[in-house]
There are 2 protein chains.
Amino acid sequence: MENSEELCLVCNDISSGYHYGVPSCNGCKTFFRRTIMQKHIFVCQHEKNCSVDRSIRCACRYCRFEKCLKVGMDRSALQASRDRIGYTKRTRKPKRKEVSFSSSSSMSPQNIFYPESPGYAQKAYETYWSYVASREKASNELRLSAYAPKRSLKEALCSKSLLNDPIFLSNHMIVSSRHTYTELRFITQSDYHYWHERDWFVLTEYAKTFKVFNELSYNDKAALVRHAAITIPSLNQVYNSPDHGPDTVVFPDGTYYDRTHEPTRPAGLNRKKYQVLDLVLKPFREIEIKFNEFAAFKAITFLNPDADVSYLAKLAINEERVAVTKQLYAFMIRNDGIEKAIKRFSRLILIGTSMSKMACESKEAVWIADFFENIGYTSFAKELFFGERNSEEE
Amino acid sequence: MENSEELCLVCNDISSGYHYGVPSCNGCKTFFRRTIMQKHIFVCQHEKNCSVDRSIRCACRYCRFEKCLKVGMDRSALQASRDRIGYTKRTRKPKRKEVSFSSSSSMSPQNIFYPESPGYAQKAYETYWSYVASREKASNELRLSAYAPKRSLKEALCSKSLLNDPIFLSNHMIVSSRHTYTELRFITQSDYHYWHERDWFVLTEYAKTFKVFNELSYNDKAALVRHAAITIPSLNQVYNSPDHGPDTVVFPDGTYYDRTHEPTRPAGLNRKKYQVLDLVLKPFREIEIKFNEFAAFKAITFLNPDADVSYLAKLAINEERVAVTKQLYAFMIRNDGIEKAIKRFSRLILIGTSMSKMACESKEAVWIADFFENIGYTSFAKELFFGERNSEEE
DNA sequence: TCAATAGGGTCAAAGGTCCG
DNA sequence: CCGGACCTTTGACCCTATTG
């Protein structure tokens with residue numbers, strides 16, 4: 001206390017307290033721990049008498065470590081490694097303001113032009129399912145990755161799907177450290193927000209993997225994606241949630257929701273939550289939906305001719321939808337036999353009605369929420385839900 | 001003191017006394033308190049059987065907390081607020097272990113088994129279809145008759161179904177002279193009104209022909225009928241409409257509507273009209289739906305677990321719904337062969353999603369219409385849509 | 001009254017996280 | 001891949017109300 005600032009005995013930097021028995025700075029503390037934990041053995045390039053000082057402490061790790069020992073750092077103060085604590089950066093206390101417009105938006109909408117990949121047409125059974133499965137797999141990997149571009153709805157819908165771009169896939173499909181967890185934590189408004197944005201982004205890339213989608217007009221594309229904006233994210237959330245009991249949906253970052261009423265959210269969104277639990281999660285678990293089945297069901301849900309699209313678009317979408325449905329049924333027959341297949345198939349397809357209702361009610365809830373500014377949607381989300389100010393229907 | 005050093009039952013470190021009912025060390029005591037107060041939910045990275053010992057007690061927080069509970073730490077010993085609750089009674093130390101009153105968690109709380117209801121099984125194919133057909137036939141005859149009682153929703157829902165009453169049927173099932181026509185005429189507001197009332201009346205009688213319906217509570221009955229109040233009348237109207245072209249729905253009295261925009265009606269109801277034409281009428285015609293198929297589809301539409309009914313009601317309704325669906329499928333297989341059946345079946349079932357959306361949007365439109373008093377609903381209709389003033393949810 | 005007990009709170013110093 | 005600023009977690013120590 002007498003001296004406001006004690007110095008690190010190793011390097012003379014300002015000490016951040018006593019570590020391993022010695023007043024020391026953060027750097028030397030961490031260096032000491034890591035060296036021991038990782039059992040590093042350094043070699044001095046000189047005479048084992050390098051000076052260790054704030055400015056040059058990293059120059060010779062051998063001498064730095066020797067200095068640590070010499071000033072009395074105590075290896076026995078090291079503990080057994082602890083449980084992981086999960087992602088920290090994002091929950092950091094905000095500095096003050098953190099506007100940071102910096103991020104150079106104009107550049108890097110790179111390779112919008114990629115040759116149309118030709119492989120869509122041939123739908124032999126195996127080919128069909130391998131495509132469905134790889135679409136679903138890639139979609140989920142994208143969801144787990146850290147990649148999240150900022151762009152307008154039009155850019156999002158008219159570019160080529162990242163999921164069809166092998167170069168992108170090999171470069172970016174790494175699970176973000178944010179999307180792992182060691183602890184569940186009840187979801188907050190800002191978590192909902194994060195996952196909405198993320199799932200909407202993934203939805204746009206998902207949509208563009210459908211040939212029929214890419215052939216629509218921009219307005220129809222927007223309408224179809226808008227119509228799917230509640231259901232597809234919900235399906236992703238439910239299917240990919242680890243099983244923590246029948247009434248809990250867990251996100252990849254360990255946030256979860258359950259039946260707890262959340263009074264700060266609009267009533268419509270609370271209701272949606274119960275619908276998801278009762279009418280989607282529960283049946284999925286009961287019929288033990290398989291990966292391919294889920295992938296097909298998601299496609300069927302996406303290809304919804306009820307969206308406010310043009311009449312011709314409805315026809316095209318429905319045609320594709322029926323084709324997928326037929327494949328799904330064939331798949332189930334193969335695996336379950338006809339007796340069981342029909343039961344599971346019916347059960348699964350009937351979930352569609354629940355999805356439909358949910359989408360409709362939630363859209364309304366979203367509208368109301370936005371009206372009362374309960375929820376801070378981004379401009380992308382607003383564009384998605386409400387269309388652009390110009391050139392939209394109704 | 002008799003025993004020089006008691007050990008922490010959780011981690012075998014030296015105990016600092018009894019905490020939360022168990023001899024335990026400072027660390028485990030604090031860990032337990034914090035975990036509960038901050039509502040942590042940990043996730044084990046391994047097999048939920050990590051050992052917990054002094055040296056490695058921090059390695060897995062999930063297993064450490066489980067051990068706390070297992071050795072009998074008592075969450076209720078935590079005090080909600082320091083100065084309000086006061087201190088727990090100090091009884092003499094429980095001798096050692098075997099804290100028998102442990103309200104511990106290891107007993108899983110949720111083994112909620114609902115008895116599988118057994119009764120529905122015996123539905124021989126023919127018996128089933130003859131019942132479905134006669135229900136549908138009677139329902140339509142009632143619709144065409146002149147009979148139209150005035151009564152409250154409660155009276156309507158809790159009485160015996162007229163369609164099951166042979167005396168009533170033989171006395172009243174005569175086509176009303178009002179329900180014939182020689183000439184089409186465009187529908188007016190008051191015609192809509194007339195047919196709404198009529199179809200809602202028929203709906204109540206239809207509903208009561210379902211065993212599962214009669215077993216519901218009154219509130220659930222009302223909710224289910226309310227949920228069907230848009231869809232079932234639409235189905236009746238569409239299926240029973242004579243074919244005057246792909247975009248025209250004709251009522252039994254010769255009134256009709258088509259794609260003409262009706263500016264005096266709320267926008268939501270105009271939209272519903274297009275949905276009915278595009279997403280119900282058209283597919284019905286295209287797949288050439290048969291009488292039995294329609295009857296089953298209507299039942300499936302009616303038996304909608306998405307209605308705001310109790311959870312148990314949802315289960316019961318869904319069970320019946322799946323049973324009907326299965327029968328419908330079997331019927332189609334018999335008639336069409338498997339290849340064609342699956343196509344028609346999928347197409348038909350997927351109409352359900354359109355019905356769902358329509359119901360939801362129309363309900364909203366009806367609400368808005370009522371709000372602005374655009375449409376003069378009767379008190380029965382208001383009761384149907386909005387419930388009674390008392391005893392309703394939300 | 002007061003020592004002993006068992007609650008809750010605190011904060012230095014452990015360990016973990018993740019840009020640059 | 002490493003450094004270290006920054007974050008969370010831990011637990012020894014402290015305070016306090018209750019009890020015998």
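Labels below follow one simple rule: chain letters A, B, ... track the order of the sequence lines, proteins then strands, and each chain is numbered from 1. Just so it is clear, the values below take in all heavy atoms, side chains as well, and ignore hydrogens, waters and symmetry mates.
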If you apply the rule ring pair (Phe, Tyr, Trp, His ring centres under 6.0 Å), what do you find for F186(A) with Y256(A), and how did you get there?
CA-CA 5 Å; F186(A) 199 84; Y256(A) 74 96; 5.2 Å; yes
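We find that CD1 of I14(A) is positioned 13 Å from C1' of dA5(D), with the value rounded to whole Å. F31(B) places its CZ atom 15 Å from the P atom of dG8(C), with the value rounded to the nearest Å. R54(B) has its CZ atom 15 Å from the P atom of dT10(D), to the nearest Å. Distance H40(B) NE2 to dT8(D) P: 11 Å, rounded to the nearest Å. Atom CE in M73(A) sits about 12 Å away from atom C1' in dA13(C), given to the nearest Å. Between the C1' atom of dG3(D) and the CZ atom of F42(A) lies a distance of 12 Å, rounded to the nearest Å. To the nearest angstrom, P of dC1(D) lies 10 Å from CD of Q38(A).
Donor-acceptor pairing under 3.5 Å is recorded for the side chains of D74(A) and S76(A). Between the side chains of Y192(A) and E262(A), at least one donor N or O lies within less than 3.5 Å of an accepting N or O. Checking D53(B) against S55(B) by side-chain atom types alone, no donor-acceptor pair falls below 3.5 Å.
Across all strands shown, dT19(D) is found opposite dA3(C) as a Watson-Crick or G-U wobble partner, with both distances under 3.5 Å.
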Counting primed atoms plus P, OP1 and OP2 as sugar-phosphate and everything else as base, spell out the protein contacts along nucleotides 14-20 of chain C at 4.0 Å heavy-atom distance: B, S or - for each nucleotide, 5' to 3'.
BBBSS--
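Geometric assessment of R143(A) against the ring of Y206(A) yields a negative cation-pi assignment under the 6.0 Å and 45° thresholds. Relative to the ring axis of Y194(A), R178(A) places its NZ or CZ within 45° and under 6.0 Å from the centre.
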